[in-house]
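Just so you know, ligand 1 is whichever comes first in the structure, and atom 1 is the first atom listed for that ligand.
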Amino acid sequence: MSLIANYVKRLVEKSTGDALLASRARETIKFLLKRTSHIPSVRSVSKGAAYCSYYARLVEAIGVGRPLYSVSGKGSDVHKILGLAVLKLFNDDWLKKTEITEIKEYVRKAHDELKDEDLLRRPDDQNTINLCVTLLNKLIEKLPLMCKSIGAYLNTIEPVVEQQFMDYDTFLKGSPDLILEDRVNRRAIVVEWKTAREYRDDDVAQVVAYAILEARRLGFKRIKEVRDAILGEPPKVLPVVIRPSGKFLPPHPILMPMNSREKWRSKLRRLFYLVLLEAQHLTVLMTHQERLTGVSRDEFLIPLEGRPDVKVNALRLTPKGLRKGDPMSQSGYPCASKKKDAGSPRPICELATACRFYFGREVGKKEEYERILWSLRYTVFDEKESDLLVYKALHVIFKSLDKEYLIRVFTEGGGVYFHIDKLPQVKSSEDRYFRCSITVERDYFDMKEKKWINERVQHRVDVLEELEFRKAGALIGRRKVRDFEGDLFYTIPEGSPVLISFLDAQSPLLSINMFARVDMVDLEDGKVVYYFGVPNRLLKYQLLLLKEYLMRHGNSLQNVLLVHVNADLTHLELEALDALQRFMEDRQSLPEQLKGGEALNLELIQNERRELESELGITEEEWPSLRELLQRAIGGKRKWPTD
Ligand code: SF4
């Protein structure tokens with residue numbers, strides 16, 4: 001169901017009166033969504049759905065802020081401690097540990113383990129520990145009520161903590177704080193911990209978005225089924241915000257006081273719709289329309305409302321219904337507080353400065369360097385289209401073919417070929433080119449050459465039979481040597497980033513998973529053995545979570561899927577572009593040559609360069625053009641003439 005496509009069709013028809021053009025706009029946007037591998041994060045989507053669409057755009061498409069939340073382990077100390085404490089509690093038979101002294105003990109154990117791993121920002125902070133005890137106690141206290149309201153039994157629910165899920169049907173990607181699920185009966189409670197006393201609509205939108213991901217994980221396929229699972233009374237998937245104060249558990253009406261149920265019912269319905277709409281809208285903003293569809297951006301130009309002299313691409317306009325502030329005036333909610341402070345509303349949006357910079361100026365007024373930086377943003381997105389293609393392929397392949405069958409294909413030496421516009425095809429082990437791999441193809445439109453170019457990527461896949469956590473923090477996986485292997489082992493190369501998926505859902509992207517690096521592959525006692533490492537601190541937390549899952553489910557694991565993937569650095573690169581663009585705007589004294597895009601003279605930019613060096617880590621090199629200087633400044637992996 002493409003909400004955005006239908007919206008754009010209506011918009012173009014109303015604006016131009018051309019029904020054919022309107023239908024073409026709808027088909028173009030559907031085609032674009034079918035082909036893209038981008039997905040926005042739930043955090044951005046929920047901000048856009050319930051707070052301000054400009055805010056979401058700034059974070060997701062421009063790179064403002066530090067959205068480290070796309071990986072688990074992103075959160076505050078409270079979130080980390082609670083995540084680990086819940087898993088430890090369940091591993092020790094939580095039904096018998098409901099006294100407050102016992103809860104304190106689990107919080108303390110989780111705290112100490114995280115402290116030992118140097119994963120807490122403020123270790124030994126008593127307020128943090130007390131808050132964790134309060135929140136965990138509230139969860140335990142309210143759990144019987146929550147289970148009853150979805151028809152689940154206390155002794156059949158299993159915890160899932162901070163797992164990153166991705167879904168290309170709803171265009172959502174994110175890591176719910178905690179899910180308590182009964183997979184057999186397809187029931188779940190989706191919990192968001194909120195540390196503040198108050199919560200906002202975007203907090204509610206966030207837990208609704210996570211509930212959508214969980215419903216998809218449980219196998220509710222169509223959007224109508226997902227909606228009924230969440231909004232139904234009783235629900236099958238219950239979104240819950242748990243905070244230190246308050247008797248009730250928003251947002252589902254079933255857990256709210258009788259006299260406010262109607263209000264919550266309509267809020268939930270509205271947010272469910274807006275989350276899906278904003279997710280599609282942000283996805284479109286992250287794509288390169290011409291490159292993916294071959295349809296020119298100029299084809300759907302319509303006059304901007306209230307500014308008939310300015311034409312904009314209808315496909316990228318913020319859909320009606322999504323809330324947005326006024327970047328020019330920044331007065332009134334959501335830019336400023338609803339209540340007045342000393343006679344005037346108080347500014348409340350933390351992105352106000354960035355917002356004024358990007359959206360608070362006359363449309364069309366851009367310096368040369370800004371044009372270049374915008375085009376570099378598209379370059380980042382284009383590269384990520386290719387890097388993320390393997391995720392899109394995993395989504396479609398596991399949606400189209402049975403999971404058990406696919407495991408058999410890979411373990412018998414076969415592979416899967418997938419063209420983005422067609423159904424996946426299974427290749428037998430006889431076809432050596434495709435062995436133990438996923439091969440993905442897509443055609444993209446080259447604007448300079450004016451022709452379609454074929455792009456093909458191949459990713460090695462492996463299936464493990466055992467996964468073991470060793471004391472020293474090492475993760476080890478094993479599998480039998482396969483009959484077809486002979487002297488040549490079809491393993492994932494050392495040094496590669498991999499997605500490790502437990503395949504406990506139909507899609508590996510909706511299963512318990514983690515990212516790691518293959519440090520070493522060896523042959524021991526007739527088995528292929530993988531040694532995994534985690535390249536950064538964020539993933540270290542994921543490793544601790546995985547250790548707890550392995551303690552609980554290690555013996556029942558049958559097939560663990562390994563896929564060679566690319567690391568997604570989109571946000572780091574976009575952040576660098578944002579920093580540079582705003583930094584350069586501040587430097588009104590930039591030499592004309594730097595603004596002009598002509599060949600640069602190092603002497604002329606010496607002073608500016610020193611500042612760039614210190615702010616963005618640029619090294620002394622010759623920069624033959626402004627574009628290359630800016631490319632160099634954002635880091636990235638592109639080729640530089642001087643490299
Ligand atoms: S300043 Fe206002 S318009 Fe800009 S992002 Fe914040 S809330 Fe939105």
Practice task
Give me the ring orientation class for Tyr54 and Phe359: parallel if the planes are under 30° apart, tilted from 30 to 60°, perpendicular past 60°.
Solution key: tilted
Exercise for the section: Return the minimal non-hydrogen interatomic distance between Thr170 and Arg216, and the atom names on each side. Expected result: CG2-CD, 4.1 Å
Exercise for the section: Can you see which heavy atom on Ser2 is nearest to which on Leu33, and at what distance? Expected result: OG-CD1, 3.7 Å
Practice task
Assess Lys194 against Tyr199: is NZ or CZ under 6.0 Å from the centre of the six-membered ring, and within 45 degrees of the ring's axis?
Solution key: no
Practice task
Say whether, by atom type as modelled, one donor and one acceptor occur between the side chain of Glu214 and the main chain of Val237 under 3.5 angstrom.
Solution key: no
Handout entry: Atoms named by residue and atom, protein N, O or S, within reach of atom 4 (Fe) of ligand 1 (under 2.8 Å)
Key = Cys355 SG
Practice task
Among Arg291, Arg35, Lys392, Arg442, find the residue that satisfies the salt bridge (Lys or Arg N to Asp or Glu O under 4.0 Å) test when tested with Glu385.
Solution key: Arg442
